[in-house]
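A quick write-up on the structure given underneath.
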Amino acid sequence: MLTGTWQPVRINSLLPDSHFASSVYLRPSLFQIASPLHSTSVPPSSRSPRLNWSEQIDTGSSVVNLLSISKDSTMANTIRLYLTCIRNTLEAAMCLQNFPCQEVERHNKPEVELNTSPELIMNPDLICRNEAEKCLIETPINSIRISMKVKQADELENILAKKFLRFLSMRAEAFQVLRRKPVQGYDISFLITNYHCEEMHKHKLIDFIVQFMEDIDKEISELKLSVNTRGRLVATEFLKQFI
Amino acid sequence: MAAEEEYLEAEENLEAIITRIEHKSRKIETLLKQSKPVDALKTALEGSALKTRDERCKSANWIVVHRAVMAIKDVDGMISSLDPEYYDILMKYLYRGLATGDRPTCDQCLRIHEKLTEKAGLGCILRSLSDTVNTV
């Protein structure tokens with residue numbers, strides 16, 4: 001797990017001209033999300049305005065910040081309901097216990113990935129907010145797999161979401177509960193096993209997942225905004241020579 | 001032998017179940033016309049054949065329940081007047097509704113889900129997840 005030092009990371013440079021290639025500086029504590037789940041507090045330090053997840057987890061804030069998501073109250077209401085539904089379902093579903101593998105002795109595998117024994121697996125729950133966004137929760141006895149499909153309104157958001165989530169998935173080790181590859185048909189997947197539940201607080205894990213869902217939308221909108229701003233700047237500069 | 005007999009019995013019953021569902025849907029239409037959405041939902045939920053494995057019966061029943069659910073305006077009143085034995089069945093149908101992905105259905109189901117969870121608790125959700133015998 002990375003600690004301490006700043007790590008500038010370029011996650012996308014959509015314009016061919018490298019002058020305007022942007023980089024998103026990720027706060028190192030992004031990779032320390034697991035530790036706030038153990039401990040009670042993480043000292044806040046200078047943070048980038050974009051990603052301050054460990055602060056969010058730190059305060060244990062679980063309710064959606066309605067104002068920041070949308071000005072439209074009905075849309076904000078829907079997302080609140082959607083996240084509440086997911087939170088309730090996760091609270092009910094996250095009762096995991098250790099279960100050694102039935103097929104191979106001395107092995108202990110997350111049953112959701114094996115999918116061999118139907119008696120171990122509960123009914124999968126698909127919770128859709130609308131046609132574009134959905135969340136699949138699969139719960140066998142010793143693990144839970146949460147797969148999400150993020151809202152992607154147009155091509156640009158599609159690309160941004162794919163890149164951003166791929167970036168996160170590649171660093172799944174640091175997150176501990178993230179799955180390296182999303183399930184087919186979804187954008188990102190979490191895999192929580194009984195060991196995670198033993199080491200970390202269950203309610204904080206759920207807070208993390210719900211917060212993640214909330215923040216992902218915000219992040220992608222911000223990225224889209226910055227791409228459009230850069231594009232406008234480039235175009236202005238370029239066309240100035242023709243005036 | 002017992003399994004075979006069960007299977008044959010199930011075959012005959014399918015037709016009976018589907019007729020019953022059609023009968024139910026007519027009753028529900030009349031209740032909705034009389035602006036009694038709560039009674040309509042109660043009618044839709046009772047007598048749902050949960051043990052059957054036939055997809056047609058389940059879909060037919062789902063269509064009927066869906067019609068009743070979409071007509072509900074007052075969620076709190078509906079839940080307080082519903083018998084507790086129907087909470088589990090309603091929760092299962094809500095999850096089926098949420099899986100459809102259709103926006104108005106999902107909105108309505110999410111609204112009812114929140115209120116129902118407050119009333120019935122997390123156990124209701126867990127029963128709907130873990131019950132593989134009685135499915136909707």
Side-chain angles (χ1 to χ4, degrees), chain A residues 63-64 72-97 111-112 117-141 143-149 151 185-186 202-203 206 210 213, chain B residues 48 50-53 55 58-59 61-62 66 69-70 72-76 78-79 87-136:
Chain A
V63 183
V64 170
D72 183 12
S73 63
T74 49
M75 215 186 99
N77 212 24
T78 329
I79 197 169
R80 183 186 67 82
L81 288 173
Y82 176 57
L83 292 173
T84 318
C85 178
I86 292 185
R87 174 184 290 278
N88 289 333
T89 315
L90 282 178
E91 273 182 38
M94 204 174 288
C95 38
L96 309 177
Q97 64 183 67
E111 293 295 332
V112 67
S117 316
E119 72 270 13
L120 298 176
I121 305 183
M122 299 207 276
N123 300 326
D125 258 344
L126 181 60
I127 301 169
C128 299
R129 184 176 157 210
N130 48 43
E131 294 81 8
E133 283 183 71
K134 53 186 175 172
C135 176
L136 177 68
I137 300 177
E138 299 160 281
T139 329
I141 187 167
S143 43
I144 183 170
R145 184 164 69 189
I146 305 153
S147 313
M148 295 180 213
K149 186 146 185 63
K151 172 184 69 157
Y186 294 86
K202 177 177 145 179
H203 59 276
I206 296 174
V210 172
M213 297 186 77
Chain B
S48 348
L50 294 172
K51 290 228 174 357
T52 177
R53 292 255 177 261
E55 274 312 310
K58 290 187 194 293
S59 316
N61 214 14
W62 160 242
H66 178 240
V69 161
M70 292 311 285
I72 302 269
K73 298 283 182 291
D74 171 30
V75 182
D76 287 316
M78 183 268 289
I79 291 185
Y87 288 161
D88 287 350
I89 308 176
L90 180 58
M91 184 60 85
K92 290 178 190 167
Y93 276 116
L94 286 178
Y95 276 113
R96 184 156 178 171
L98 285 171
T100 56
D102 167 49
R103 193 183 284 252
T105 316
C106 289
D107 282 344
Q108 181 79 341
C109 286
L110 284 173
R111 245 175 274 148
I112 302 181
H113 185 279
E114 190 197 1
K115 295 282 170 5
L116 185 60
T117 320
E118 276 170 28
K119 189 82 196 287
L122 295 174
C124 191
I125 300 181
L126 198 54
R127 281 190 292 274
S128 74
L129 276 176
S130 56
D131 200 350
T132 47
V133 173
N134 308 322
T135 50
V136 288

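First the proteins, then the strands, lettered A, B, ... as listed; each starts at 1. Note that the structure is a prediction, hence the values are computed from the model and not measured.
Of the two parts of B:R96, neither the backbone nor the side chain holds a non-hydrogen atom closer than 4.5 Å to a non-hydrogen atom of chain A. Both the backbone and the side chain of B:S130 come within contact range of chain A, with heavy atoms under 4.5 Å apart. Interface remark: B:S128 contributes backbone atoms only to the contact with chain A (heavy atom separation under 4.5 Å). Contact of A:T84 with chain B is made through the side chain alone, with heavy-atom distances under 4.5 Å.
A:I127 CD1 to A:L83 CG: the interatomic distance, rounded to the nearest 0.5 Å, is 10.5 Å. Interatomic distance, B:L122 CG to B:R127 CZ, rounded to the nearest 0.5 Å: 10.5 Å.
Counting heavy-atom pairs closer than 4.5 Å to chain B, the top-ranked of the candidates A:E131, A:K134, A:E91 is A:E131. In terms of heavy-atom pairs under 4.5 Å with chain B, the best-connected choice from A:L136, A:T78, A:L126 is A:L126.
Between the B:Q108 side chain and the B:I72 main chain, a donor and an acceptor come within less than 3.5 Å of each other.
Ion pairing of A:E133 with A:K151 is absent here, as no side-chain N (NZ or NE/NH1/NH2) approaches a carboxylate O to less than 4.0 Å.
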Legend entry - Criterion side-chain contact (heavy atoms from CB on, under 4.5 Å) on B:Y95 and B:L129, from CA distance to verdict: CA-CA 9 Å; B:Y95 276 113; B:L129 276 176; 5.8 Å; no

